Amino acid sequence: KKSVAEFKFCEGIMKELWKKQHQAIAYPFYNPVDPVALEIPDYFKVIKKPMDMSEIQRKLNHNEYNNSNEFEADMRLMFNNCYKFNPPDSPVFKCGKSLEAVFDEKWAQ
Ligand SMILES: Cc1ccc(Nc2c(-c3ccc(O)cc3)nc3c(C)cccn23)cc1
């Protein structure tokens with residue numbers, strides 16, 4: 001059963017992640033990965049379930065999450081896609097870890 005409080009909690013977390021102050025670590029996650037633009041043609045061979053902040057926001061706005069656990073699952077999918085595709089020493093992998101730390105701090109509240 002989805003509660004208004006759960007929805008508002010998820011909304012609040014997204015509001016935080018979209019803040020300008022997080023732009024330097026959040027930018028790789030703002031929009032769907034574009035394999036053509038990024039010149040990574042094998043991306044969809046490696047990543048079977050793409051996920052990004054715009055899609056998560058859209059699902060929130062359209063009431064497509066039944067509960068906060070479904071919201072968390074998409075957030076973790078987004079981060080894990082990043083860790084699967086990007087090498088651990090790469091800037092984007094580090095962005096993922098930094099943004100996930102911001103998410104974890106809010107999620108634990
Ligand atoms: C050659 C190459 C290597 C790595 C990347 N990664 C990357 C990703 C990315 C995000 C999530 C994800 O699951 C996978 C990739 N987003 C970017 C952006 C926005 C700019 C530059 C690099 N970016 C791009 C090109």
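The shown structure was predicted, so the numbers you read here are calculated from the model rather than taken from an experiment.
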Step-by-step side chain to side chain contact (heavy atoms under 4.5 Å, CB included) determination, Cys10 to Tyr65:
CA-CA 10 Å; Cys10 298; Tyr65 292 119; over 6 Å; no
Within-4.5 Å side-chain heavy-atom neighbours: [X] and [Y]:
{"X": "Leu17", "Y": "Ile13", "value": "yes"}
{"X": "Phe71", "Y": "Phe7", "value": "no"}
{"X": "Glu105", "Y": "Glu16", "value": "no"}
{"X": "Asn86", "Y": "Lys94", "value": "no"}
{"X": "Gln57", "Y": "Asn61", "value": "yes"}

Would a hydrophobic clustering, with Ile, Leu, Val, Met, Phe, Trp and Tyr connected at side-chain separations under 4.5 Å, put [X] with [Y]?
{"X": "Met14", "Y": "Tyr27", "value": "yes"}
{"X": "Leu38", "Y": "Val46", "value": "yes"}
{"X": "Tyr83", "Y": "Phe85", "value": "no"}

Check: Gln23/Trp18 side-chain N/O donor and acceptor closer than 3.5 Å:
no
To the nearest 0.5 Å, how far apart are [atom1] in [X] and [atom2] in [Y]?
{"X": "Glu100", "Y": "Lys97", "atom1": "CD", "atom2": "NZ", "answer": "5.5 Å"}
{"X": "Met78", "Y": "Ile56", "atom1": "CE", "atom2": "CD1", "answer": "4.5 Å"}
{"X": "Asn81", "Y": "Met51", "atom1": "CG", "atom2": "CE", "answer": "8.5 Å"}
{"X": "Met53", "Y": "Asp74", "atom1": "CE", "atom2": "CG", "answer": "13.0 Å"}
{"X": "Leu60", "Y": "Glu70", "atom1": "CG", "atom2": "CD", "answer": "11.0 Å"}

Can you give me the closest heavy-atom contact between Ser3 and Glu6, atom names plus distance?
OG-N, 2.9 Å
Fit a plane to each ring of Trp107 and Phe9, take the angle between them on a 0 to 90° scale, and name the class: parallel (under 30°), tilted (30 to 60°) or perpendicular (over 60°).
tilted
Arg58 bridged to Glu55 by N-O distance under 4.0 Å
yes
Do the side chains of Asp104 and Arg76 get close enough for a salt bridge, i.e. N-O under 4.0 angstrom?
yes
Could you tell me whether a side-chain N or O of Tyr43 sits under 3.5 Å from a main-chain N or O of Pro50, the two making a donor and an acceptor?
no
Between Lys48 and Phe44, is there a donor-acceptor pair closer than 3.5 Å when you use the side chain of the first and the backbone of the second?
yes
Given the ring of Phe93, does Lys84 sit roughly above its face, with NZ or CZ under 6.0 Å from the centre of the six-membered ring and within 45° of the axis?
no
Which pairs of donor and acceptor atoms, one on a side chain in residues 28-36, lie under 3.5 Å apart (sequence neighbours left out)?
unit_1	atom_1	unit_2	atom_2	d
Asn31	OD1	Ser54	OG	3.3
Asp34	OD1	Val36	N	3.0
Asp34	OD1	Ala37	N	3.0

Flag yes if more than 12 heavy atoms outside Glu39 fall under 6.0 Å of its CD atom; otherwise flag no.
no
